[in-house]
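Computation of the quantities below employed the complete heavy-atom set of this structure, encompassing side-chain atoms and omitting hydrogens, waters and symmetry-equivalent molecules. Starting from 1, each residue takes its place in the sequence as its number.
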Amino acid sequence: MRFGPGTAVWVEHPDHAWAEAVVASPAASSSSTSSVTVTLANGSKAVVDGRKVLPRDTEADLGGVDDMTKLVYLHEPGVLCNLAWRYGLNEIYTYTGRILIAVNPFAKLPHLYDMHMMEQYKGVQFGELSPHVFAITDASYRAMVSEDRSQSILVSGESGAGKTETTKLIMRYLTFVGGRATGDIRSVEQQVLESNPLLEAFGNARTVRNDNSSRFGKFVEIQFDKSGRISGAAVRTYLLERSRVVQISESERNYHCFYQLCASGQDADKYKLAHPRNFNYLNQSHTYELEGVSDAEQYLKTRRAMDIVGISFSHQEAIFRTVAAILHLGNIEFSPGKEFDSSAVKDEKSKFHLQMAADLLMVDGKLLLTTLCYRTIKTPEGNIVKAVDSSAAAISRDALAKTVYAQLFDWLVDNINKSIGQDMESRAQIGVLDIYGFECFKYNSFEQLCINFANEKLQQHFNKHVFKMEQEEYKIEEINWSYIEFVDNQDILDLIEKKPIGIVSLLDEACMLGKSTHETFAMKLFQNFRAHPRLEKPKLSKTDFALSHFAGKVTYQTELFLEKNRDYVNLEHQNLLCSSKCSFLSGLFASQQDDPSKSSYKFSSVASRFKQQLQALMETLSSTEPHYIRCVKPNSLNYPQKFENGSVLQQLRSGGVLEAIRISLAGYPTRRTYTEFVDRFGLLLPEHMDERFDEKSLTEKILRQLHLENFQLGRTKVFLRAGQIAVLDSKRTEILEKAARIVQGRFRTFVARKEFLSTRKASVSLQAYCRGCLARNVLDAKRQIAAAVSVEKYARRWFCRCAYLHIRSSALVIQSVVRYMLAIQKLLHLKKDKATTIIQAWWRMRKIHNFHQQYRHATILIQCCWRQKFAKRALRNLKQAACEAGALREAKGKLERNLEDLTLRFTLERRQRLAAEESKALEVSKLLKIVESLKCELEAAKEEKNNGCKEVASMQQQLELSVKDQEVLRDNISQIEELKRENTSLKAKNAAMEQELFKAQKCSHDNMDKLHGVERNYLHLRDNLKNLEDKISNLEDENHLLRQKALSLSPRHSRTMSHPIGSSPCSPKSLFESSPVKLTPLPHNLTELRRSRMNSERHEEYHELLQRCIKDDMGFKNGKPVAACVIYKCLLHWGVFEAERTTIFDFIIQNINTVLKTENENDILPYWLANASALLCVLQINLRSKGFIAAPSRSSSDTHLCGKANDTFRPPLKVFGQRNSMSHIDARYPAMLFKQQLTASLEKIFGLIRDNLKKEISPLLSLCIQAPKLARGSGGRRSRSPDVTLQQPISAHWDRIVKFLDSLMDRLHKNFVPSFFIRKLVTQVFSFINVQLFNSLLLRRECCTFSNGEYVKTGLCVLEKWILDATEEHAGAAWDELKYIRQAVEFLIIPQKSKRTLEQIKKNICPALSMRQIYRLCTMYWDDKYGTHSVSAEVVAKMKDMVSSDAQNPVSNSFLLDDDLSIPFTTEEIAEEVPDIDMSNIEMPPSLRHVHFAQFLMQHLQTPCPLR
């Protein structure tokens, strides 16, 4: 591509990867290979290759773009610059299509990950909000639920890029959207989250690049049931770095668990642990602590994680005991033994650590030492025990440590999976892959080959997925496309893994051949793949080889390939650990025991096993829908706000991001919506801008006008090939430059004319002044000449004197130097004579000394030869004597077999006794101390027996050493007899111990009997207490019954109640008292059955009346709710408020809740809001609490009953009038409870109305905030066209909101809802509008624009007009609820933001916004209309410092607003604000006029009843 002068370009830079430049002079020819002269940003010029010059977008916003597919130029420098800009604004997440790039901020950003942020991303369509890890996770979860297909999220990056933290956030969000509340203390999602610190403690370590680097690959499967809830999980691990256990590099640390255990305090003392500097496995790097991390606190967190995962306390103790044993193993040092090629423990310190390791592993110390210092070789003739030297013993020690740790880690992973539980019937799953990234170091070994092999596999999967997404977008847009070719890495995968000839196969073959070395492996590798394009042989090394990976060339050193690939399973180590008395440790190796007849060393290949695991992983990923997150480490120093271009660019290449961009470049990399395309390039065809063309046709006309062919027109976008957008920009730049030249010409003419007039006016005045100045200058010149002559005279005299003085001083110096040289020569001659004499004396002495030394050396040599002759003769005699020791060996073998038989019998007897002791120990658990003492004695006896065995072993060694000594053999036989006698004595001691144990058991049985007796007494007393409580409650019930019977059977009451049936036979109050005995004073001639039937019939009648009032729409009379009035009158007439027990209130509340569940909520809810508030207001005013239980005393019972009887004889109307004349009603407990239930129902109705309003208005608000995106495309043409119909769609959404608010007010007024509730509803609706618009503004960068601010400002004016029309009585402070969005919009539309200071913005423009919100607004803003910039960089820097200093404040760490879900009123406010309700002059509802048992309402509803 040819660039003209002044074109902004990118050029390669050695320090910054890519640098901004401007073309100074174009290429000499049109060939792309010509050189171009450019001017860099620092002003220097450089000549660069034209092929390596890329165009730069000068109109790009300094805040970058959230999706890099939106870049005008999609290439390496564009991607790098966009990431750097966003990282400087703490925007660490950026999309590349559906790939998320996460740059590690190296700082805490709690506002990005709080619960409110997760709520914002829940269920939102991908791409609507700012890039976030929650968006990727939510997209995968929604795809799994909707498509019923498993998903996977692949997190990759180099060490320190933040992979582990990103995985935690993914699992946290999945727990948020798919978590389930269970009755178990340890829920599934909690175990999944808590498994991270546990695996980090045992699988993470500090490296040069990262303090918490995962040294294994992890694939977490989160399983979901049919309802989308987490039902199980599983964790898979890959390639744990076993060598780190025994060897660490400088500035690194071992696994965290070792340091945590050393800092655990009491546990460390229990295991005899000290500071990490005292252990060889930890002090190799001299790095013991992490900055800002307490190992003691982390130890407690690890313990807590074990509890949550479900690891028992005993297993926890066993785990950390094993970890401590590994540390003690590392401190065992060996020295050469007495025999040839043998080894022994070096010193007492090593013996102590050996014994501690044996005690912690619960194995025999001698057996442990034998396992480390000897090796058993299995042959057809038998086993050969061979001693090993000290270096081999150290290797065996390290192998044992690595084996134990690897098995321990695998057990932890298996236990986590068992504890969490895998749901085999899960519908789908989401897998989170946290795996190491591509590695290329100065020294690359076998681990780097495996890691890069895994990344090659994942890169192939990634390329296929990106290619698939490209094709899907082409299909959606319905454009013609052909197959896009991309470079596949299958050739290097075949090179590594293909059978039978591949790097892995050749490596396994070399490992199985005992004589193979890394030289032979490298030679065979180059012989088989000499012509392979991916394999190279370095010139300076014969054993190294280089592979060309997708991310670059890596040179591997093969020195340790064979050792690291071999994974020999040492059966001696397994047998040692299987013999451990610790069931946990022996269980780790129980499943690995093999046939003892086989070799003690079994070959296993690490590479083959890793390849199998990787193949299984790829099969799992292929069965899922992948989502990619690429983590990037911005700098190698782990500093915040430091962006190293070269490092980031290399990581983008390693992560495959640039490969994805290259695949996009192979197709149509530039995609613009028609609106965006016309907005940017519409000026290329200005003659058609005023015409009524649709955007697609206009786009096609522009492209045809420029004779471009490499484009496709889709349904909503135009697709351009690579380089086409640069052609369009160059044409656009030419037109803009031409227009700029015209403007500049006119402006320069004006400026020149103005300057000419001012110059002519000033020239006249200047001439006069110039003449005067010339005359004064002539006079000054004459004066200067006269002064110069005088100055010259004095200067010449001064120069002559200086020359004379200089010559004189030089002569004196020369004379002194000559005298000094003569004296020096004389002194040197004297020193030379003296030195010659001394040298001669020393030479004579040395000559005599050498002669003496040679004579002495010859004498010693003769003596040595003579002694050697006698030594050889003695050696031959000893060899002849050794041949005669065969008979002694046979005798020794017989003694060994007899000793083994005796030992076996003793072992069987001891095991039987131990089994009996263990069974008895369960019965006497409370006497454990006594049993432990007995066990200690038994252990002492065993120790004595072991000492006997040691003596036998020593005798065997003496037999081998002393061949001719027969007396020693007899002594050994006598010692064996003594051992037998000691064995007999031990049996006697054991019998005595069994008797003592029997006595202890008998004593424990007595104690247990006493405890059982105490327990029986306790149960008996508890039953008595329960019986007494039941009797007391029965007595209270009987007392209540007797009191009621006394009231009903008193003589005066009987005479009063003897009246005809037709004259009010019962008090209405007594009908609803659900006491055990009915208190209805019916005539005596009626039977009990008839009375109960009448009571039940009256209950049914009143229930039917209330049910009609609740279910039927009674309407309103003069603005008063009829249903509330009827219900209150009925309750008042029946006297229910004074009843002690009744079910009528529950019946009312239940029916109201049933009515609220109907489908037509828009009409039912306002209706019942008015009725419930009216009824509650009446109850709040007229009810007075009289107490929960009011039992009348004997002295006042007659008066009370007489009053009740007199009330019974009065007419109903009179009784009703007298009750209403009372100012308050003495209500009992059920009535007060009913008032509370009614308050709860009212709050529920209000909440339902509010929530329904929010659901209805939410889609409208989302359209309002997105509407400018649809209307912005015609903005350029709308300014030229007078047609006002184009403006109609812009305000249509706001008009729909106004219509929605009008319909809300109509429904509320129609149901006569009090203005108090209308005001509260409108206030909360506007608060919700404020929250939604403000949050959308801060989460969507396309909404933080100037034109969008104007649009929202117009909509807010519409809402303000509606509030003014609604009046303050119904709208209240609704306008104040919009203060956040109003101030944010005010900031978007203010001019000259770059000249505003921080104080002006905070105090004058956005006083209500927090500093974090203002900072977010300033960084998200971009001017899509005039191209102006946001606030100055100084203001942004100040705000960033303030936000960083306030980051630890949990109150202000989020820039989003929370929705108010509270109920904004109380019962007292309702009583004060709701106006009085006059229940007089209310007509009888038509539905109740024909009901005979509701006729009492005919007169009651028309009678005045003042309620206050």
Side-chain angles (χ1 to χ4, degrees), residues 215-217 238-244 247 395 398-399 402-403 406 435-436 438-460 489-538 541-551 553-570 599 601-618:
R215 307 315 300 161
F216 65 99
Y238 302 92
L239 196 61
L240 176 70
E241 190 178 357
R242 298 171 55 174
S243 59
R244 181 172 290 270
Q247 184 179 5
I395 294 174
D398 293 343
K402 291 188 292 185
T403 302
I435 199 165
Y436 18 65
F438 187 84
E439 292 186 356
C440 179
F441 303 125
K442 184 177 180 180
Y443 181 84
N444 301 284
S445 187
F446 176 71
E447 292 86 354
Q448 280 68 45
L449 178 63
C450 293
I451 290 172
N452 294 339
F453 171 47
N455 280 272
E456 286 284 357
K457 277 279 191 182
L458 294 174
Q459 183 64 28
Q460 185 186 45
N489 60 347
Q490 186 61 43
D491 55 347
I492 191 170
L493 293 176
D494 294 339
L495 173 64
I496 297 175
E497 66 174 344
K498 189 175 182 180
K499 292 183 178 181
I501 299 178
I503 295 178
V504 174
S505 301
L506 294 176
L507 184 60
D508 291 346
E509 181 182 351
C511 291
M512 287 186 288
L513 298 177
K515 296 183 180 181
S516 295
T517 62
H518 66 281
E519 290 91 350
T520 59
F521 164 69
M523 185 183 302
K524 187 174 295 185
L525 183 64
F526 291 126
Q527 288 176 357
N528 287 280
F529 301 106
R530 182 175 302 171
H532 201 284
R534 294 274 193 167
L535 180 69
E536 295 182 11
K537 182 179 180 180
S541 177
K542 295 181 179 180
T543 59
D544 297 351
F545 68 93
L547 293 180
S548 298
H549 293 283
F550 71 94
K553 185 184 297 184
V554 181
T555 302
Y556 298 97
Q557 287 74 29
T558 61
E559 282 78 4
L560 299 177
F561 265 46
L562 273 65
E563 288 77 3
K564 292 183 177 181
N565 187 47
R566 292 191 183 106
D567 191 19
Y568 285 113
V569 180
N570 195 332
S599 175
Y601 283 80
K602 184 178 70 175
F603 175 74
S604 176
S605 170
V606 175
S608 297
R609 187 171 65 253
F610 180 74
K611 186 175 71 172
Q612 293 173 2
Q613 292 178 347
L614 187 60
Q615 186 62 33
L617 174 63
M618 297 310 300

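Using modelled atom types, no side-chain atom of Thr520 and backbone atom of Ser516 make a donor-acceptor pair closer than 3.5 Å. At distances below 3.5 Å, not a single donor-acceptor pair connects side-chain atoms of Thr543 with backbone N or O atoms of Thr558.
Considering NZ of Lys402 and CG of Leu240, their distance stands at 11.5 Å, rounded to 0.5 Å. The distance from atom CG of Asn452 to atom SG of Cys440, rounded to the nearest 0.5 Å, is 7.5 Å. The CG atom of Asn455 sits 13.0 Å away from atom NZ of Lys457, with the distance rounded to the nearest 0.5 Å. Between atom CG of residue Leu547 and atom NE2 of residue His532 there is a gap of 9.0 Å, rounded to the nearest 0.5 Å. The structure places CZ of Phe550 at 4.5 Å from CD of Gln459, a figure rounded to the nearest 0.5 Å. Between the CG atom in Leu493 and the CE atom in Met618 there is a gap of 9.0 Å [rounded to 0.5 Å].
Looking at heavy atoms from C-beta onward, Phe529 lies in side-chain contact with Ile501 at the 4.5 angstrom threshold. The shortest distance between side-chain heavy atoms of Ser445 and Tyr443 falls below 4.5 Å. In this structure, the side chains of Phe446 and Leu507 come closer than 4.5 Å at one or more pairs of heavy atoms. Looking only at side-chain heavy atoms (C-beta outward), Val554 and Leu449 stay at 4.5 Å or farther from each other. Using a 4.5 Å cut-off on side-chain heavy atoms (C-beta onward), Lys542 and Met523 make no contact. In this structure, Ile492 and Ser548 have side chains that are not in contact, with every pair of non-hydrogen atoms separated by 4.5 Å or more. With contacts defined as side-chain heavy-atom distances shorter than 4.5 Å, the pair Phe561/His518 does not qualify.
Here the closest non-hydrogen pair linking Ala454 and Phe610 is CB-CZ, 3.8 Å. Across all their heavy atoms, Phe545 and Leu535 have their closest contact at CD1-CD1, 3.7 Å.
For Glu536, the side-chain hydrogen bond (donor to acceptor under 3.5 Å, both in side chains) partners at least two apart in sequence or on another chain are Lys553. Looking at residues two or more places apart in sequence or on another chain, you find no salt bridge (Lys or Arg N to Asp or Glu O under 4.0 Å) involving Lys611. Residues satisfying the side-chain hydrogen bond (donor to acceptor under 3.5 Å, both in side chains) criterion with Ser541, sequence neighbours excluded, are Asp544. Not counting sequence neighbours, the partners of Asp491 by the salt bridge (Lys or Arg N to Asp or Glu O under 4.0 Å) test are Arg534. In this view, Gln613 satisfies the side-chain hydrogen bond (donor to acceptor under 3.5 Å, both in side chains) rule with no residue, not counting sequence neighbours.
Screening residues 516-525 for salt bridge (Lys or Arg N to Asp or Glu O under 4.0 Å), with sequence neighbours left out, gives Glu509-Lys524.
Looking at Gln490 and Asp494, their side chains do bring a donor and an acceptor atom within 3.5 Å of each other.
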